[in-house]
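Remarks on the structure that follows.
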Amino acid sequence: MCGIVGAYVASGDVVPGLVQGLSVLEYRGYDSAGIAAVIDGELRVRKRRGRLSNLEEALEDGGLSGGLAGIGHTRWATHGVPSDVNSHPHQGASGRVAVVHNGIIENYALLKRELLEGGESFLSETDTEVLARLIDQTWAEEGTDQAALMRAMRRALGRVSGYYAIAVLATTDDGTCLLAMRQGPPLVVGTTEDGGFLSSDVLGLVPHTRQVVYLEDGDLAQLEPGRLTVTDAAGDVVERPSREVEWDPSDSGRGGYPHYMLKEIHEQPDVIERTCIDRIDLASGDVRFEGGAFDDAFCNSIERIQILGCGTALHAGQIARYLIEGLAGLPVEFDFASEFRYRSPRVAPGTVALAITQSGETADTLGATRLARELGARVASICNVAGSSQVRESEATILTHAGPEIGVASTKAFTAQLTAAVLLAVRIARSRGTMSEDEGRALLTELSELRPKVESLLTQESVARTRDAARTHAGARGFLFLGRGVNFPVALEGALKLKEIAYVHAEGYAAGEMKHGPIALIDPGMAVLVVNAEGPVAEKTRSNIEQVKARGGVTVSVGSDGASHAIADSYVPVPRTSEWLSPILNTIPLQLISYHIAEIHGCDIDKPRNLAKSVTVE
Ligand code: AGP
């Protein structure tokens, strides 16, 4: 939700690197983009509504070329419509301070009123301009040098309530100053001999360095070439640990695919294998996580699991519930992280709050797990980003090895989460003795041999089949996705994907619930996709296909249940596997069908309207 970058280089021109950083972070928001740079001691700004390409055009005048220090922003609008004037960076009245911001200043209206009463005037409707003017005004009271600016930042931000990751660029009496401060949203910094760099996520840093430092809440960092100084909330200079990033700069490219989403769908054979293969111990029919996470002592202490997440990640959590209850016999609840805090959750002794999150920075998920901890739960997570806030706040983590996911619609991160959930369920079940060595070995063997089945769903022929299904149904008035048991959340995920990238109304429903309401929607204009795998619930789900057909509905059967294919109007076959693993396979054709429908409708697949990848505000 907004991406910020900043750099102070020893030589050359800072702007191309900032633009490149923004191109990598554009998935975090794409309502506008802007850059500020110091040129010959003067702070200059270019900013444009819309995509980064608009800013690149504006930069062609060369007015920002040749500077050594700069900051940049790609916006997901919260306060004020997307427009040039509301774009970041924002400046203070002195013209010597520019600010980019990711987050929300909750008391901005109050602060703005005070500033207006004091004679300030505003150009934009944003909360960020309030911050810029407040910092600038406070700086004027403190002095004119860098030390004064840092004192001013602390004072000004001490008056702010809300969440922010900000970068500040200033021309001070003692030179150019690049500062960053964090309270909530993520901020990563790194330095080399050639420069000091900051970014909302590691993807913006890996072109410069793999050694990164995650700032903590309350940290204020000053960046110069080869030098990073961090002071904590108390104002003391601190050393934050530096971590090596495994991701490669090439991971953030499209790799020849027309869209990140398609590339990421095709990465799933690797991702699923990477997430499970080194953790599976076939000899013991068990799972071993790095660093002994989820060992017997931990697993046996769990009385109950509370799963928390949002969107796609919560759908993975819903499947995890079936797996853990079914295999390990533990009570599991799940909740929207965004709702958990707004009811009165009862956290029983022995509860583990399990956060599932790709980014590890989703504000609602972080907030919910913090509350669960306050209420006595231990916190664990399934997460894709090592070093993220969620990982740092978890006692035990299963990292999914999906690599960077750039497409706003989550695909490979979801199947990696499902894979991790299978591993976790087996680990708990083996530890608690609800699964024998042979049973563990059988399921883990099936998982370790899943790759060819995943690949078979991504052959030209299989992809063509999903494209045909998309062509046949793209004009449908609406879509109903049905599933039962462990495949019910797959139906929810299928519907979310379609809404998200193709802007088509779709509902995911538990197949058995259809006759309690949604059946009234069935007519020839409604496409009904039924997810059905062989297993104990297959026959019941087949009945749902019959019920839809009897009412003139159009059915597409997706899964391994051949008998469903025989009765549906059309079908997309999926290889047979254990019912517990079937969600991993069944998801893939649904991703492709949504992708192709979005393509047919001419949608911006990687940057769907109104969305942002990481929702770092509530
Ligand atoms: C999925 O396609 C969405 N982009 C969204 O639902 C996402 O899964 C959700 O915002 C959670 O994000 P997280 O996994 O990074 O916490």
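Order of listing sets the numbers, starting from 1, for every ligand and every atom in it. For the single chain, residues carry numbers from 1 onward in sequence order. For clarity, every value in this text was computed on a predicted model and none was experimentally measured.
Donor-acceptor pairing under 3.5 Å is lacking for the side chains of Asn86 and Ser32. Side-chain contact, Gln268 with Thr415: a donor N or O sits under 3.5 Å from an acceptor N or O.
The immediate protein surroundings of ligand 1, defined as residues with any heavy atom under 4.0 Å of it, consist of Cys310, Gly311, Thr312, Ala313, Thr357, Gln358, Ser359, Thr362, Val408, Ala409, Ser410, Lys497, Glu500.
Ion pairing between Arg279 and Glu290 holds under the 4.0 Å rule for side-chain N and carboxylate O.
Arg427 forms no cation-pi arrangement with Phe289, by the criterion of a distance under 6.0 Å to the ring centre and an angle within 45° of the ring axis.
Other residues, nucleotides and ligands contribute over 12 non-hydrogen atoms within 6.0 Å of the CD atom of Glu106.
We find the CG-CE distance between Asp217 and Met181 to be 10.0 Å, quoted to the nearest 0.5 Å.
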